[in-house]
Amino acid sequence: MGDYDDTNETTESAYASMLEFATRYEEFGDLAAKLRAAGPLAPRVQGTPIILDTDIGGDPDDAFALTCAARVPELALVVTADEVRGKRACLARHLLDLVGRHDVPVIRGADLGNTRYWSAEGLIPDHIATQPSDVLAAVGALCASTDGPVRWVGCGPLTNLANILRTSPKVAEQLVVTQMGGVLSYPNPARAEHNFRLDPEAARCDGPGADAGAR
């Protein structure tokens, strides 16, 4: 629009300006309604801590994801989902150590009693110790260490996240969630996508922190 300088424009100010404009002119009433219905923008997350929730040890995708995440300095915590007697956490610890991220703690998360999706037997050295298991305490401590948002990146079943949303709504308020799950065209329409299928109750979580955490 002419010589307008938007160098210092932020997403928050752009949203506010668009809403003000749409509200002012009757012909843009539908746009204004949609902007209000969408609610406030999610907080900026660039540079904020990352929690990776992973079911590493099945298909190789999560091993690649963890290795890539380890290159990001903001990776602050790894928790494991669909545990197999703590083996997934030990594998995550081993991979993080191999790439030099000894500083990132690993917490073994919910064990759903599955063994079918574990494919990494024999890959964990004997010296890797059993990892701690208090997910709520670890996530709570990380959130308490910062005033801003904390990114939750979910690559497995939603059990750990659902437990936090149900029991720690204050912690959930800080989480900005990105979750892998669901497909547009699944090979077998009679079955849900893997991450939702393994814990459907968690995928449907409507606990006290659900609205706050699902941003």
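The aromatic rings of Tyr25 and Phe21 lie tilted to each other, with the angle between the two planes from 30° to 60°.
Remark: the backbone N or O of Gly109 is not paired with any side-chain donor or acceptor of Gln131 at under 3.5 angstrom. No donor-acceptor pair closer than 3.5 Å links the side chain of Ser168 to the backbone N or O of Lys170. Checking side-chain atoms of Asn160 against main-chain N and O of Thr80 turns up a donor-acceptor pair under 3.5 Å. A donor-acceptor contact shorter than 3.5 Å links the side chain of Asp111 to the backbone of Gly113. Although no hydrogens or angles enter the test, the distance criterion places a donor-acceptor pair under 3.5 Å between the side chain of Glu83 and the main chain of Ala89.
Across every non-hydrogen atom of Ala92 and Val106, the tightest pair is CB-CG1, 4.1 Å. Minimum heavy-atom separation, Ile56 to Thr54: N-OG1, 3.0 Å.
Remark: Asp147 CG is loosely packed, at most 12 non-hydrogen atoms of other residues, nucleotides or ligands lying under 6.0 Å away. Within a 6.0 Å sphere centred on OH of Tyr15, heavy atoms belonging to other residues, nucleotides or ligands number more than 12. Sparse packing is recorded around CZ of Arg71, with 12 or fewer heavy atoms of other residues, nucleotides or ligands lying under 6.0 Å away. Counting non-hydrogen atoms of neighbouring residues, nucleotides and ligands closer than 6.0 angstrom, the CD atom of Glu26 reaches no more than 12 such neighbours.
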Please determine whether salt bridge (Lys or Arg N to Asp or Glu O under 4.0 Å) holds for the pair Arg101 and Asp97, giving the CA-CA distance in whole Å, both sets of side-chain angles, and the decisive distance to 0.1 Å. CA-CA 6 Å; Arg101 290 305 304 268; Asp97 290 347; over 6 Å; no

Can you check side-chain hydrogen bond (donor to acceptor under 3.5 Å, both in side chains) on Arg151 and Thr48, steps first, answer last? CA-CA 7 Å; Arg151 288 175 279 180; Thr48 60; 3.1 Å; yes

Could you walk me through whether Arg197 and Glu193 pass salt bridge (Lys or Arg N to Asp or Glu O under 4.0 Å), step by step? CA-CA 6 Å; Arg197 183 175 72 249; Glu193 182 272 339; over 6 Å; no

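Residues that satisfy the side-chain contact (heavy atoms from CB on, under 4.5 Å) test with Thr23, not counting sequence neighbours, are Leu19, Ala32, Arg36. Applying the ring-ring contact (aromatic ring centres under 6.0 Å, His included) test to Tyr117 and every residue at least two apart in sequence or in another chain returns His194.
Looking at Asp82 and Arg88, a side-chain N of the basic residue comes within less than 4.0 Å of a carboxylate O on the acidic one, giving a salt bridge.
At a threshold of 4.5 Å between side-chain heavy atoms, the hydrophobic network of Ile, Leu, Val, Met, Phe, Trp and Tyr places Leu158 and Ile51 in two separate groups.
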